[in-house]
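Structure record follows, encoded as structure tokens.
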Amino acid sequence: MARPRTPKGRARETLARLSREYPDARCELDHRNPYELLAATILSAQCTDARVNMVTPTLFARYPEPEDLADADPAEVEDIVRSTGFYKNKTRSLIGMARALVERYDGEVPSAMKDLVTVPGVGRKTANVVRSVAMGLPGLPVDTHVGRLSLRLGLTTETDPVKVEHELNAMVPAAQRGIFSLLLILHGRRVCVARTPRCEVCVLNDFCPASRV
DNA sequence: ATCCCGAGGG
DNA sequence: CCCTCTGGAT
């Protein structure tokens, strides 16, 4: 297909072309279960996945289950996660998250969005990451990259991440929402960067309304 | 300087 | 809606 003219058409074409461009796109946060991915995602704010992956082996060895983390000494957790930045907030979130799982969800990560977002440190973006990556459930994480690219590509006119998420949900099949988000993030980092997008090397530049090529 | 998949609080 | 929280890599 060439030059799709509707938002939905552009969304489908974006998915097709970026899948070809980044065939190995996947979540790069190391984890073995939803609890570990939830913790890793909390740690990933303003931090590279590689950095998170350097601290999580120690974190998960020390606190293998939510029950262990719920009773953790904050100072000890801070020492483990310090290098990921925002370490006081992240420590509070991690311990609060673990306590919520133990006290309200029988030590399991809840799968419903309405439950997930009540957990300390877990917003919609994090909830959608855990749902789509660790649970195989529909979820389309909208972060700064997904929001920016969706606007530029004319997939939406909204700037509120929740509204963007709902509009994208209406255009992307449930089974592909997770990968769609991952692809936009990758493309947003490598090509469609915030400041000066590299439109001249972008595989979407023939139909992107914001292209300056 | 700028970037790295944010969430909570005022 | 804006502010704050934070360290590491480039």
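These values consider heavy atoms only, across backbone and side chains, with no hydrogens, waters or symmetry-generated copies. Sequence lines set the chain letters: A, B, ... in the order given, protein chains first and strands last, and positions in each chain run from 1.
The same atom, P, is picked in B:dG9 and in C:dT6; the two are 14 Å apart, to the nearest Å.
Atom P of nucleotide B:dC4 and atom CG of A:L29 are separated by 14 Å, given to the nearest angstrom. If you take CZ of A:R124 and P of B:dG8, they are 13 Å apart, rounded to a whole angstrom. Rounded to an integer number of Å, the gap from CE of A:M54 to C1' of B:dC4 is 12 Å. Atom CG of A:L116 is separated from atom P of B:dA7 by 11 Å (rounded to the nearest Å). Protein atom CG of A:N53 is 14 Å distant from nucleotide atom P of C:dA9, rounded to whole Å. For A:L43 and C:dT6, the CG to C1' distance is 13 Å, given to the nearest whole Å.
Within 4.0 Å of A:V129, counting heavy atoms only, lies at least one base atom of the nucleic acid.
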Kindly determine whether A:S211 and A:R152 satisfy side chain to side chain donor-acceptor pair (under 3.5 Å), including the steps that lead there.
-> CA-CA 8 Å; A:S211 175; A:R152 285 180 176 168; over 6 Å; no
Working for salt bridge (charged side-chain N to carboxylate O under 4.0 Å, His left out), residues A:D206 and A:R17 | CA-CA 12 Å; A:D206 61 310; A:R17 292 193 198 179; 2.5 Å; yes
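Side-chain nitrogen and oxygen atoms of A:H145 include none within less than 4.0 Å of the OP1 or OP2 phosphate oxygen of B:dC3. One finds a side-chain N or O of A:R51 lying less than 4.0 angstrom from the OP1 or OP2 phosphate oxygen of C:dA9.
Within residues 151-188 of chain A, the residues that have a heavy atom under 4.0 Å from DNA chain B are, in order of number, A:L182, A:I185. For residues 66-100 of chain A, proximity to DNA chain C is found at A:R82, A:S83, A:G85, A:F86, A:Y87, A:K88, A:N89, defined as any non-hydrogen atom under 4.0 angstrom from a strand atom.
At least one side-chain heavy atom of A:V162 sits less than 4.5 Å from a side-chain heavy atom of A:R124. Counting only heavy atoms from C-beta outward, the side chains of A:L69 and A:V77 approach each other to under 4.5 Å.
Enclosure of atom CZ in A:R5 is not indicated, since only 12 or fewer non-hydrogen atoms of other residues, nucleotides or ligands lie within 6.0 angstrom. Residue A:D73 places its CG atom among more than 12 non-hydrogen atoms of other residues, nucleotides or ligands, all under 6.0 Å distant. For A:R12, the CZ atom sits in a loose shell: 12 or fewer heavy atoms of surrounding residues, nucleotides or ligands are nearer than 6.0 Å.
Side-chain N/O atoms of A:N128 and A:E165 include a donor and acceptor closer than 3.5 Å. Between A:S44 and A:R51, the side chains place no donor N or O within less than 3.5 Å of an acceptor N or O (distance only, hydrogens not considered).
Among C:dG7, B:dG6, B:dT2, the nucleotide with an atom closest to any side-chain atom of A:C47 is C:dG7.
Nearest-nucleotide mapping onto DNA chain B: of A:P141 and A:P120, the residue sitting toward the 5' end is A:P141.
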